[in-house]
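Note that this is a predicted model, so its numbers are computed, not measured. Below, chain A is the first sequence line, B the second, and so on; all start at residue 1.
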There are 2 protein chains.
Amino acid sequence: MNITEAESQIMQALWRKTPLTADEIVADVRARQPWAEATVKTLINRLLKKKAIKSERVDGRHQYVPLVDRANYVQDESQGLLDRLFEGQLAPLVAHFAQNRKLKREEIARLKKLIAELDDDD
Amino acid sequence: MNITEAESQIMQALWRKTPLTADEIVADVRARQPWAEATVKTLINRLLKKKAIKSERVDGRHQYVPLVDRANYVQDESQGLLDRLFEGQLAPLVAHFAQNRKLKREEIARLKKLIAELDDDD
DNA sequence: CAGCTCAAATTACAAGCGTAGTCCGATGAA
DNA sequence: TTCATCGGACTACGCTTGTAATTTGAGCTG
C-alpha cells in the first residue's frame, strides 16, 4: 500500500486539484517530469490498483480522485524520516538544519513566529 | 550512489561506532532487524560496491568504515523530504506538525529554545 | 599434506519500480 | 456501415531491492 516516488507525482497533481481527467493529470505531471504519456498512465493505473485513487466515469470520460489524504501521507512520510534519522522527534531535525546553517534569515523568522503562535494555542 | 532503507541500517551501525568487523555489524543490525546473517553480509557488500563504506584487512579480519558522512546523508535525506513535500522549506514542515498536534509540550519547549539560540548565534 | 572451518565473495530469485509500447473497444466521421 | 481516432487497459522489460543460500579461498589442525 506504499506510494512510490514516481507515483507521488500523480498524487500531487490530484491534491492540487480534484478531480482531474487522465489528460489533465498527464498535462500537470508532464509539466514537471520528462515522462512519456504512457508512463503517467501506468502510474495512474498502479495507484488505482493500490486504491490510492479512484475513478468514476463522468459522461464518457474518467475522473480521478485521491483516496488517500494528503495530510496523512505527508504525516507518514515526515514521521518516517524523523524516526529513521532523528529519534522520532522534530527538534533534532531543526537543530540539524540550524547547525548546518541551512536556514535563511527569513526562515528563522517564520519559525520564530510559528513557535510563538504555538505557545499561544497550547 | 543511493543508500537504500535496508542498507542504511548498516550505515547506522557504522555511524554509531567505527570501525566494526562484519561480525559486529551483523550483531548490531540483528539486534534491531530480524534479518539473516547472510542478508546483512549482502548489504555490506552492496555498500562496498557503492563506495559508501570501505574495508581494510586488519590482521586477518576485515574492518569496515563509512565513507559517507552521516551529517551529509541526513542533510540530503531531509532536504529531499522538504523538497518533495514542503517546497524545500523547514517552516512548513514544522507548521504541519503543529497543525496536526503532533508536538508534545516538551518538544515545543525544545524548539523554542533552539530558535532563541539561533537568533543569538546569527 | 589433507581436510576442516570460518569469513568473504558470488550467485539466486521474486517482487517492486521506472519507463514505456501495444492492444482493444467505444465513439464520431464519412 | 465502415473506418479512423482516442482513451483506457494490458503487456513488456531491465534494474533495484529485500532477502538469502552456496561457493570459494585462506588459514588452522591433525
Exercise. Among D:dG8, C:dG21, C:dA9, which is the nearest nucleotide to the side chain of B:Tyr64?
Worked result: C:dA9
For this session: Round to a whole Å and report the spacing from CD1 of A:Ile44 to P of C:dC17.
Result: 17 Å
Exercise. Among C:dA8, C:dA9, C:dA20, which is the nearest nucleotide to the side chain of B:Ala22?
Worked result: C:dA8
Exercise. Does B:Thr4 put a side-chain nitrogen or oxygen below 4.0 Å from OP1 or OP2 of D:dG18?
Worked result: yes
Seminar exercise, completed: Separation of D:dA20 atom C1' from B:Gln33 atom CD, nearest Å, is 16 Å
Problem set entry | Per B:Leu43 side chain, nearest of listed nucleotides D:dT19, C:dC17, C:dA20 | D:dT19
Exercise. Mapping A:Ile3 and B:Lys49 onto DNA chain C by nearest heavy atom, which one lands closer to the 5' end?
Worked result: B:Lys49
Exercise. Between C:dA9 atom C1' and B:His62 atom NE2, what is the distance in whole Å?
Worked result: 9 Å
Problem set entry | Donor + acceptor pair across side chains of A:Gln12, A:Arg70 (<3.5 Å) | yes
Exercise. Can you tell which of A:His62, A:Arg61, A:Gln63 makes a side chain to side chain donor-acceptor pair (under 3.5 Å) with A:Ser55?
Worked result: A:His62
Seminar exercise, completed: Atom CG of A:Leu47 and atom P of C:dG18 are separated, to the nearest Å, by 10 Å
Exercise. With respect to the side chain of B:Glu5, which nucleotide from D:dG7, C:dA8, D:dG18 is positioned closest?
Worked result: D:dG18
Problem set entry | Value in whole Å for how far the C1' atom of C:dA9 lies from CG of B:Leu48 | 10 Å
Exercise. Between C:dC17 and A:Asn2, is there an OP1 or OP2 to side-chain N/O distance shorter than 4.0 Å?
Worked result: yes
For this session: Using modelled atom types only, decide if a donor and an acceptor are shared between the side chain of B:Lys50 and the backbone of B:Asn2 within a distance under 3.5 Å.
Result: yes
Exercise. Quick one: does B:Arg46 reach the base of D:dG18 with a side-chain donor-acceptor pair under 3.5 Å?
Worked result: yes
Problem set entry | Between D:dT11 (C1') and A:Lys41 (NZ): distance, integer Å | 15 Å
Problem set entry | Nucleotide nearest B:Asn45 when distance is taken to its side chain, options C:dT19, C:dT10, D:dA9 | C:dT10
Exercise. Roughly, in whole Å, what's the span from CD in B:Gln63 to C1' in C:dA8?
Worked result: 15 Å
For this session: Give the intermediate values and the outcome of side-chain contact (heavy atoms from CB on, under 4.5 Å) for residues A:Glu24 and A:Thr21.
Result: CA-CA 5 Å; A:Glu24 292 168 328; A:Thr21 65; 3.3 Å; yes
Exercise. Taking only N and O in the side chain of B:Lys50, is any of them less than 4.0 Å away from OP1 or OP2 of D:dT17?
Worked result: yes
Problem set entry | Basic-acidic side-chain contact under 4.0 Å: A:Glu107, A:Lys102 | no
For this session: Report yes if a side-chain nitrogen or oxygen of B:Thr42 is closer than 4.0 Å to either non-bridging phosphate oxygen (OP1 or OP2) of D:dT19; otherwise report no.
Result: no
For this session: Would you classify A:Thr21 as touching base, sugar-phosphate or nothing, given that sugar-phosphate means primed atoms plus P, OP1 and OP2, and contacts are heavy atoms under 4.0 Å?
Result: nothing
Exercise. In whole angstroms, how far is the P atom of D:dG25 from the CZ atom of B:Arg57?
Worked result: 13 Å
